There are 2 protein chains.
Amino acid sequence: MSKNVDVKRAKILDVAKRRFAHFGMAKTTMAEIAKDLSFSKALLYYYFPDKHSLYTAVLEHVVNEMLNRVEVYMRKALGVEDILLYAVESRMTIMRENYNLFEYSSSQFIQNPGEMGKNIGPFFERIRDQYSRILKKGVENKEIEVDDFNETAELLLFSLMGMRVGILSKDLNDCLFPTPDEFDLILTKQQKMVKIFLRGLRSI
Amino acid sequence: MSKNVDVKRAKILDVAKRRFAHFGMAKTTMAEIAKDLSFSKALLYYYFPDKHSLYTAVLEHVVNEMLNRVEVYMRKALGVEDILLYAVESRMTIMRENYNLFEYSSSQFIQNPGEMGKNIGPFFERIRDQYSRILKKGVENKEIEVDDFNETAELLLFSLMGMRVGILSKDLNDCLFPTPDEFDLILTKQQKMVKIFLRGLRSI
DNA sequence: AACTTGACTAATTCTTTTAAAAAATCAAAA
DNA sequence: TTTTGATTTTTTAAAAGAATTAGTCAAGTT
């Protein structure tokens, strides 16, 4: 039954997510995940070909959650600024909750940005595309003017990432959390950034 | 004669700068610098207490050049956008020429942003202050409106740094240059960013 | 006294080796 | 088809040793 397989995969994802979010990719072993589920390690490899696939699947799950929340909010058809501020905040909330999950992929990104790690590239694009659609909505509402949506969305995304200069940091081996204060600081900066950026795009 | 000391120090700085800019801090030895100047390594330590001081002195020299160019340009009293675009471009030029010099300090920064490495912190602040003064000038010209200069300058600086996400990168041990294309790409993004940011601050 | 050096020590980095841990496989059972 | 224990292969970690480099110092030169 393909149905049972999916259920089991979901259970595995759930358990793996907790471990990854808490201890990070590096400090989570397949044996531990298997133990949490109280079955053998070998079975994990029946459902996922390797550790990396499992990690990617978890990451995708979380990214989907991030995107979906914003997608839902977008349907309420508010102003661009509202949507973007919501996006920034909810994104930060999820990052806060799953910091060590992302820590791994961003360290991947840092070590090899050229090919985007080939793993996180797609996620990056999906997020950029969402920003792109948000901007498009703003244009339809006549709130802003944009010539190249993708380019502008990327610019926005990069500028927001710039706000956390000095945070991705840390010794990449330790899975230390940034303090809550740091998260708040970044969020505040990002909110201000969004406002300035949008004013910079507004019509007239 | 304190005069002679200064001349010698300048010569050392000049030679050291070339090595640091070319091979980076890590792959430049004090012995090599001494050899370039054809005198003994011990003498280097007569003029500079340690390698790090020498590096910092070189860095300061280059940062001064960066700041001065913009300072001069600023006196011509053009619009804020002109000044900022000039700042971004000349900064990029200098970074291009001295990439491996900065590579070290930015890796320092990444590994320990909390205390700003204590070395590069002051430089960072000086650059931010310059942005701050540029913004102030824009306000005086009634081109833009800014409530908190330092905060806004920092926001601008961070957003510009965000444009080079995926570049500071590389394996921090290798002293690989980013390709010229990458530099151009970043510069282009930064220029667009400056324009949007400034529009976001303009009056009315 | 200010400047310079060769020879020395101390600290750091690099390599190699070895052991431990964890990823991944597989034949066989339920 | 799903599950496992046992086995193999890869990665990581630690230790030891060699080599390089930072930094010191007493003594010599100008």
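The analysis underlying the following values was restricted to heavy atoms, covering all of them including side chains, and did not include hydrogens, waters or symmetry mates. Note on naming: letters A, B, ... go to the chains in the order of the sequence lines (proteins, then strands), and numbering restarts at 1 for each one. This one's a predicted model, so the numbers in the text were calculated from it and none came from an experiment.
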Report the distance from atom CE of B:Met30 to atom C1' of C:dG6, rounded to the nearest whole Å. 17 Å
Minimum-distance nucleotide to B:Leu43 side chain [options: C:dT5, D:dT24, C:dA24]: C:dT5
Round to a whole Å and report the spacing from CD1 of B:Ile33 to C1' of D:dG23. 14 Å
Could B:Glu151 and A:Lys189 be called an ion pair, given the rule that one side-chain N must be under 4.0 Å from one carboxylate O? no
Please tell me which of the listed nucleotides, D:dT2, C:dA24, C:dT5, lies nearest to the side chain of B:Phe39? C:dT5
Check step by step if side chain to side chain contact (heavy atoms under 4.5 Å, CB included) holds for A:Met30 and A:Leu54. CA-CA 10 Å; A:Met30 293 297 263; A:Leu54 177 54; 4.1 Å; yes
Taking 4.0 Å as the cut-off, does a side-chain nitrogen or oxygen of B:Tyr46 come that near to OP1 or OP2 on C:dT4? no
Return no unless some side-chain N or O of B:Lys8 is found under 4.0 Å from OP1 or OP2 of C:dT4. yes
Has B:Lys27 got a side-chain N or O lying under 4.0 Å from the OP1 or OP2 atom of D:dT21? no
Spacing of A:Leu54 atom CG relative to C:dA24 atom P, expressed in whole Å: 10 Å
Rounded off to whole Å, could you give me the NZ-to-P distance for the B:Lys41 and C:dC8 pair? 13 Å
Using whole Å, what does the distance between atom P of nucleotide D:dT21 and atom CG of B:Leu44 come to? 15 Å
Among C:dG6, D:dG23, D:dT3, the one nearest any side-chain atom of B:Ala42 is C:dG6
Is the closest basic N to carboxylate O distance between B:Arg69 and B:Glu65 below 4.0 Å? yes
Measure CG/A:Asp6 against C1'/D:dT1 and give the value in whole Å, please. 15 Å
For the side chain of B:Thr29, counting heavy atoms from C-beta on, which of D:dT21, C:dT5, D:dT3 is nearest? D:dT21
Dump the intermediate steps for side chain to side chain donor-acceptor pair (under 3.5 Å) on A:Ser132 and A:Asp129, then the final yes or no. CA-CA 5 Å; A:Ser132 190; A:Asp129 288 348; 5.6 Å; no
Using ring pair (Phe, Tyr, Trp, His ring centres under 6.0 Å) as the criterion, point out the one residue from B:Tyr99, B:Phe20, B:Tyr55 that pairs with B:Tyr104. B:Tyr55
Would the base of D:dG23 count as contacting B:Lys51 through its side chain, where contact means a donor and an acceptor less than 3.5 Å apart? no
How would you label the contact of A:Thr28 with the nucleic acid (heavy atoms, under 4.0 Å): base, sugar-phosphate, or nothing? sugar-phosphate
What is the separation between atom NE2 on A:His52 and atom C1' on D:dT10, rounded to the nearest whole Å? 16 Å
Is there a side-chain polar atom (N or O) of B:Tyr47 under 4.0 Å from OP1 or OP2 of C:dT4? yes
How many whole angstroms separate atom OH of A:Tyr45 from atom P of C:dA22? 12 Å
